[in-house]
Amino acid sequence: MATDPADDAWLRELLLHGDWPADLRHTGEMAGVLAERDPAVDRTGGATRALLAALDDAWERGWQPADVVHVIGRGATARARTLTLALIAEDARVRDAASRAPAGWLEQLRELGALRPGDADVVGVVGAWHRAERRSAADAWRVVLVLASALRRLARIEQLVPPPSRWGPGTGGTGPAGAERTRTPDDGRVLRRIRGLLAKAESSDFPDEAEALTAKAQQLMTRHAVDAALLDAEAGPSAGAGIGTRRVHVDDPYVRAKMQLLGAVADANGVRLVWYQGLGIANLVGAAPDLAAVELLFTSLLLQASRALASAERDAGRGAASRAFRRAFLLGYAHRVGERLTAARERATTQAAAERGADLVPVLRRRAEAVDAVVTELFPRVRSSRSRGSVDGGGWYAGRAAADRADVGPRRPSVR
């Protein structure tokens, strides 16, 4: 179908340089104008091309596929999530991401369901989305306008994975802070065991069984981290070669309290956390297998914390606990979990050192220094922050008590 260059240029200027907040009446009025001009919605593909260009700019500013979907799925732009996924899938198809994208990028596309093989005969992703969603033309154009503004307003963040403009012709790639240590078959086997243990802990109706399963998962994480550190030490002086990055997305509500829980899990496992306030995005820096294990344990503990909070509300006779109580509960839970995880890691490390007859302190110190060096390289302007303000005392102590019940360490004294 032929396109009118003037119309295409006008639409591109409208989408890429206009300001279209979701709650602005002018946005709705402009959506009505577009619906009158193009009731079929993007019949020429101009809107699709403009949105793909905005997405490309986001990649250059440090954003990754899962980051964009997470942020667009929040707040006023939530209705644009399915369109965002369709655009990311088209972007991946056009760029042949399946054979060119770095491993981390490819993993995100798989998890999002955005890897689509073959040649697509689509004039415009926006038009196909409009037909599938069965929205009115005005409603569809409003979503397009809001999404275009949301993509354009994405701030620059640290670039942890090479954007498409830096992909080579071959398969795979590496991160900006040195090559991530190649995963061995043992990494996958251990992660599967950890995932299986945590899944059983989450589904168990017996607290003692859940505690034992979670404790075993933490023990596996520590022992595997020790083995990986020893392997890297034997490989040579390039300590930073085994350090990688990963982003974790945390949803509302109580993002700050949930970040405290993620930080507690990360600290106890030798992983550093840097997070973007207001975005609900955390950057983890650490040894590659530790990153995956930390995310698994955090997800499991977050589910356990949600169940414990519901139980605490029932025990306290609260039909619907206050926001202050819930926030304090999660903060108290995170604080106590951090204490228990750290103690469990120390016990497992001491046991591993005794079994090997080796002093692990220098090895683990070098690993920690390598992690710190990568954090300094990637986040030179990072600053520490603490949770501010008072907390609900009842919620805090209820959270700590729940963390005790979700024991993550063996019930025995520490080995000194």
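Just one residue in the list Val126, Leu15, Leu83 forms a side chain to side chain contact (heavy atoms under 4.5 Å, CB included) with Leu147, and that residue is Leu83.
Between the side chain of Arg152 and the backbone N or O of Asp57, no donor-acceptor pair lies under 3.5 Å. Distance alone, capped at 3.5 Å, is enough to place a donor-acceptor pair between the Arg49 side chain and the Thr44 backbone. A distance-only check finds no donor-acceptor pair linking the side chain of Thr222 to the backbone of Arg345 [under 3.5 Å]. Remark: side-chain polar atoms of Ser149 are not paired, donor with acceptor, to backbone N or O of Val146 under 3.5 angstrom. With hydrogens and angles ignored, the 3.5 Å screen pairs no side-chain donor or acceptor of Gln260 with any backbone N or O of Ala334. Using modelled atom types, no side-chain atom of Arg195 and backbone atom of Leu296 make a donor-acceptor pair closer than 3.5 Å. Checked by atom type and distance alone, the side chain of Arg135 never pairs as donor or acceptor with a backbone atom of Trp129 at under 3.5 Å. Although no hydrogens or angles enter the test, the distance criterion places no donor-acceptor pair under 3.5 Å between the side chain of Lys258 and the main chain of Leu331. At distances below 3.5 Å, at least one donor-acceptor pair connects side-chain atoms of Trp63 with backbone N or O atoms of Ala155. Between the side chain of Trp141 and the main chain of Asp38, a donor-acceptor pair closer than 3.5 Å is present.
Once rounded to the nearest 0.5 Å, the distance linking CG of Leu220 with CG of Leu198 reads 9.5 Å. Remark: Leu284 CG to Thr245 OG1 distance equals 9.0 Å, nearest 0.5 Å. Here CZ of Phe379 is found 4.5 Å from OH of Tyr276. Values are rounded to the nearest 0.5 Å. For the atom pair CG of Leu151 and CG of Leu16, the computed distance is 9.5 Å after rounding to the nearest 0.5 Å. With values rounded to the nearest 0.5 angstrom, Leu106 atom CG is found 10.5 Å from Glu111 atom CD. The OG1 atom of Thr84 sits 10.5 Å away from the CG atom of Leu112 when rounded to the nearest 0.5 Å.
Scanning all heavy atoms of the two residues, the minimum distance from Pro21 to Thr27 falls at O-OG1, 2.8 Å. The heavy-atom pair separating Arg142 from Leu24 by the smallest distance is NH2-O, 4.1 Å. Between Leu330 and Ala305, the shortest heavy-atom distance links the atoms CD2-CB, 4.1 Å. Nearest approach of Leu85 to Ala114, heavy atoms of both residues: O-CB, 4.5 Å. Nearest heavy atoms, Leu213 versus Ala201: CD1-N, 3.6 Å. Counting all heavy atoms, side chain and backbone alike, Leu360 lies closest to Val226 at CD1-CG1, 3.6 Å.
With 3.5 Å as the limit, one finds no donor-acceptor pair spanning the side chains of Gln108 and Asp67. A side-chain N or O of Gln159 and one of Arg166 form a donor-acceptor pair less than 3.5 Å apart. Using modelled atom types and a 3.5 Å distance limit, the side chains of Asp42 and His130 yield no donor-acceptor pair. Checked by atom type, the side-chain pair Gln304/Ser300 shows a donor-acceptor distance below 3.5 Å.
A salt bridge links Asp139 with Arg79: the closest approach of a Lys/Arg side-chain nitrogen to an acidic carboxylate oxygen falls below 4.0 angstrom. Between Glu369 and Arg366, no side-chain nitrogen of the basic residue sits less than 4.0 Å from a carboxylate oxygen of the acidic one, so the salt-bridge criterion is not met. Ion pair Arg95/Asp91 flagged as a salt bridge, since at least one NZ, NE, NH1 or NH2 atom sits closer than 4.0 Å to an Asp/Glu carboxylate oxygen. The residues Arg272 and Asp372 are annotated as salt-bridged, a charged nitrogen and a carboxylate oxygen being separated by less than 4.0 angstrom. Using a cutoff of 4.0 Å between basic side-chain nitrogens and carboxylate oxygens, Arg61 and Asp56 are not scored as salt-bridged. Taking the charged nitrogens against the carboxylate oxygens, Arg326 and Glu313 do have a contact shorter than 4.0 Å, which makes a salt bridge. In this structure, Glu107 does not pair ionically with Arg110, as no charged nitrogen and carboxylate oxygen lie closer than 4.0 Å.
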Checklist entry - Taking it one step at a time, do Val71 and Ile281 satisfy side chain to side chain contact (heavy atoms under 4.5 Å, CB included)? => result CA-CA 9 Å; Val71 170; Ile281 298 177; 4.0 Å; yes
Item to check | Step-by-step side chain to side chain donor-acceptor pair (under 3.5 Å) determination, Gln277 to Arg256 | outcome: CA-CA 8 Å; Gln277 296 188 40; Arg256 181 178 287 272; 3.1 Å; yes
Item to check | Trace of the side chain to side chain contact (heavy atoms under 4.5 Å, CB included) decision for Leu34 with Val41 | outcome: CA-CA 8 Å; Leu34 288 168; Val41 182; over 6 Å; no
Item to check | Derivation of the side chain to side chain donor-acceptor pair (under 3.5 Å) call for Glu60 and Ser165 | outcome: CA-CA 8 Å; Glu60 295 298 321; Ser165 63; 2.6 Å; yes
Next on the checklist: Checking His335 against Glu339 for the side chain to side chain contact (heavy atoms under 4.5 Å, CB included) test, could you report, in this order, the C-alpha distance in whole Å, the side-chain angles of both residues, the deciding distance, and whether it holds?
Outcome noted: CA-CA 7 Å; His335 189 266; Glu339 294 173 348; 3.0 Å; yes
Checklist entry - Run the side chain to side chain contact (heavy atoms under 4.5 Å, CB included) check on Leu301 and Val265 step by step: do they pass? => result CA-CA 9 Å; Leu301 287 172; Val265 177; 3.8 Å; yes
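Within a 6.0 Å radius of CZ in Arg134, other residues, nucleotides and ligands contribute 12 heavy atoms or fewer.
Residues Asp267 and Thr342 fail the side-chain proximity criterion, which asks for heavy atoms closer than 4.5 Å. Side-chain contact between Leu262 and Leu273 is present, with at least one heavy-atom pair separated by less than 4.5 Å. Within the 4.5 Å cutoff, the side chain of Trp275 has heavy atoms near those of the Val255 side chain. Between Leu378 and Val274, the closest side-chain pair of non-hydrogen atoms is not below 4.5 Å. In this structure, Leu51 and Val125 have side chains that are not in contact, with every pair of non-hydrogen atoms separated by 4.5 Å or more. Within the 4.5 Å cutoff, no side-chain heavy atoms of Gln218 are placed close to those of Arg340. Asn269 has its side chain out of reach of Phe298: every pair of non-hydrogen atoms, C-beta onward, lies at least 4.5 Å apart. Two residues are said to be in side-chain contact when any heavy atoms from C-beta on lie closer than 4.5 Å; Arg12 and Asp8 fail this criterion.
The ring pair (Phe, Tyr, Trp, His ring centres under 6.0 Å) test applied to Trp105 returns Trp59, Trp167, not counting sequence neighbours. For Asp251, there are no salt bridge (charged side-chain N to carboxylate O under 4.0 Å, His left out) partners at least two apart in sequence or on another chain.
Both cation-pi conditions hold for Arg37 and Trp10: the charged atom is under 6.0 angstrom from the six-membered ring centre and inside a 45 degree cone around its axis.
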